[in-house]
Amino acid sequence: MDGVLKALTAQVDAHIDALFASLNEQIAIPSVEGTPAPGAPFGSAVAQALEHILGLGAQMGFCVKNHDGYVGTIEWGEGEVLGILSHVDVVPPGDLSAWNSDPFTLTEKDGFLQGRGVADDKGPLLSCLYGMYALKQMGFVPKKQVRVIIGTNEETGWGCMDYYKKHLDPPAYSFSPDGMYTVVNREKGILGADFAKEIEGAGACIQAGEAGNLVPAGAAAWLPCTAAQAQAAVTAYSAPEGMRFTVSEEREGTCIRCKGRNAPSHSPARGVSAIQGLLHVIAGCEGAPGALRDAAGELLGLMGEQPDGAAMGIRCADDVSGELTTNLGMLSLNDGMLTAKLDVRAPVTVSLDDVAAKVKDAFAGQGYHCAGEHLKHPLYVPADSSFIQTLCRVYETVAGEEAVLSAIGGGTYARAFPNCVCFGSVWSC
């Protein structure tokens, strides 16, 4: 085995420059979900990123196919299918001032590579592809078919996986390199929901947040009030560290801008919610429309001061995956329609359906209707499964370290099929 690993390491080292060049090309594609087009159901940039990966697979001599722009496959070998699930779409970069480099330029800093998608999930995808190529160059012939499944809508609606399940057979077992080593066998349930209601807010407008699965770093409201009234509300609010406001006269009224700090919605405590801050200021602004001030207070009451769901009656936790979290990721007010996008991550042993019902009841109690919801039920694969044991054994052989099992709040393709877990590619600290 030592000789095989040494030979494989040499092959990997021989292709490392090519891997970095491919990653540089892939990071340069801003594959955030965009406007659908023929052959590009999630936008032209996502389609370009998919074609780039498939082109590399074809150059390496693998069998590749683009399935109507929804998903791509790269296959090697015959027989029972081992799936490797990854994706080329990325989350919006959010607050650009929080980056110390261009998010769509691969940059090396202090021995690390950075850029949107380096870890989630373009880097891991290319690592798997080049790993397959290294084995192929050694003359290795797999006893099963290895199928790289390349998604295009993982960060938002999972339309790619819906397409795959409708048109293609699932792998016998699979892993997604979209978590951490050794194995992630527990992923929290995810509720994404949109709530809306009409309010009397003549002359008012709100645009806040970048994506439903990000703690919002930016939020702005245009109000029919004086700058002095808005500034008084800002001054009266005890803003948390990392939050700041600007007030300016715009649109025959006043604009209040709040800046916070992005974080993944599954870890809201790492961020500073600009929406939370803006709502506090609106609720305390004497010149704002009364109905809007009331609505701001109601949303603050629903979300609470801590992102734990206690105010909606859904606070809970378990020993295997931790506490429930909430995030109000986006908020808008246009033509009197107030819309809020909520993200909830629930422990794996808790019924996600029950959580969703309580959330909808809480919002309905404040006059909101649910304009849409999407549930991703939790993943929990027992530690004694033969597939997990195999992955752990491989890790220990290669890394020389004891395997560990982890839980995450994020949602990956590991829950897309039975017998699927996350395997890498980040080392947990």
Side-chain angles (χ1 to χ4, degrees), residues 22-23 25-91 116-117 120-133 136 142 144-178 374 376-377 379 411-423 425:
S22 296
L23 182 57
E25 294 168 351
Q26 183 64 214
I27 296 301
I29 304 172
S31 49
V32 176
E33 182 178 4
T35 303
F42 306 110
S44 59
V46 176
Q48 181 186 355
L50 176 60
E51 279 298 321
H52 175 259
I53 295 294
L54 293 177
L56 289 172
Q59 292 173 20
M60 294 174 181
F62 298 119
C63 178
V64 308
K65 187 172 182 180
N66 185 330
H67 301 268
D68 297 328
Y70 283 90
V71 66
T73 52
I74 300 176
E75 296 177 343
W76 180 32
E78 302 291 338
E80 189 178 45
V81 177
L82 166 64
I84 301 176
L85 281 67
S86 192
H87 61 95
V88 292
D89 61 306
V90 296
V91 175
R116 182 56 100 205
D120 184 14
D121 199 31
K122 296 179 175 185
L125 167 57
L126 285 166
S127 296
C128 289
L129 182 58
Y130 272 89
M132 288 168 55
Y133 186 54
K136 184 171 179 283
K144 305 178 185 298
Q145 182 183 92
V146 181
R147 179 183 299 164
V148 182
I149 301 171
I150 307 152
T152 56
N153 187 225
E154 194 267 357
E155 298 292 1
T156 47
W158 278 37
C160 50
M161 285 298 106
D162 292 339
Y163 179 97
Y164 185 100
K165 292 177 182 179
K166 184 176 179 180
H167 295 89
L168 298 164
D169 293 330
Y173 40 87
S174 47
F175 70 87
S176 176
D178 197 10
H374 185 69
K376 296 179 184 175
H377 287 86
L379 168 77
T412 75
Y413 283 152
R415 68 183 79 200
F417 303 114
N419 303 318
C420 187
V421 295
C422 273
F423 182 57
S425 63

Exercise. Can you list the steps and then say if Glu25 with His52 is a side chain to side chain contact (heavy atoms under 4.5 Å, CB included)?
Worked result: CA-CA 8 Å; Glu25 294 168 351; His52 175 259; 2.8 Å; yes
For this session: Check the pair Tyr413 / Tyr164 against ring-ring contact (aromatic ring centres under 6.0 Å, His included), numbers first and verdict last.
Result: CA-CA 12 Å; Tyr413 283 152; Tyr164 185 100; 9.6 Å; no
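The two atoms that bring Gly39 and Ala47 nearest to each other are O-CB, 4.3 Å, heavy atoms only. Contact detail for Pro124 and Ser425: the closest heavy-atom pair is CG-OG, 3.0 Å. Across every non-hydrogen atom of Pro30 and Ala28, the tightest pair is CD-O, 3.3 Å. A pairwise comparison of heavy atoms in Gln26 and Ala49 identifies OE1-CB, 3.1 Å as the closest pair. Nearest heavy-atom pair, Asn66 versus Gly69, reported as atom, atom and distance to 0.1 Å: OD1-N, 2.7 Å. Closest approach of Gly77 and Pro142 over heavy atoms only: CA-CG, 4.1 Å.
To the nearest 0.5 Å, atoms CD1 (Ile149) and SG (Cys160) are separated by 10.5 Å. Expressed to the nearest 0.5 Å, how far CZ of Phe42 lies from CG of Leu50 amounts to 11.0 Å. Interatomic distance, CG of Leu54 versus NE2 of His67, reported as 8.5 Å (0.5 Å rounding). With values rounded to the nearest 0.5 angstrom, Asp89 atom CG is found 6.0 Å from Thr156 atom OG1. For the atom pair CG (Asp121) and CD1 (Ile150), the distance works out to 11.0 Å, reported to the nearest 0.5 Å. The OG atom of Ser44 sits 12.5 Å away from atom CD of Glu51, with the distance rounded to the nearest 0.5 Å.
The environment of NZ in Lys65 is sparse: at most 12 heavy-atom neighbours from other residues, nucleotides or ligands sit within 6.0 Å. Other residues, nucleotides and ligands contribute more than 12 heavy atoms inside 6.0 Å of the CD atom of Glu80. Crowding of Tyr173 atom OH: a count of heavy atoms from other residues, nucleotides or ligands under 6.0 Å exceeding 12.
With a 4.5 Å cut-off on side-chain heavy atoms, Ile84 and Pro177 count as touching. Residues Lys136 and Phe62 have side chains in contact (heavy-atom distance under 4.5 Å, counting atoms from C-beta outward). Two residues are said to be in side-chain contact when any heavy atoms from C-beta on lie closer than 4.5 Å; Leu85 and Phe175 fail this criterion. The shortest distance between side-chain heavy atoms of Arg415 and Lys376 falls below 4.5 Å. Within the 4.5 Å cutoff, no side-chain heavy atoms of Val71 are placed close to those of His167. Residues Asp120 and Val90 form no side-chain contact, since every pair of their non-hydrogen atoms from C-beta on lies 4.5 Å or further apart. Side-chain contact between Leu379 and Thr412: absent, with no pair of heavy atoms (C-beta onward) separated by less than 4.5 Å. Within the 4.5 Å cutoff, the side chain of Leu126 has heavy atoms near those of the Leu56 side chain.
Applying the side chain to side chain donor-acceptor pair (under 3.5 Å) test between Ser31 and each of Glu155, Lys122, Gln48 identifies Lys122 as the sole match. Evaluated for a side chain to side chain contact (heavy atoms under 4.5 Å, CB included) with Ser86, the options Ile53, Leu125, Asp178, Leu129 yield exactly one hit, Leu125.
In summary, the side chains of Asn153 and His87 do not present any donor paired with an acceptor at a separation below 3.5 Å, with no hydrogens or angles considered. For the residue pair Ser22 and Tyr130, a side-chain donor N or O sits within less than 3.5 Å of a side-chain acceptor on the partner.
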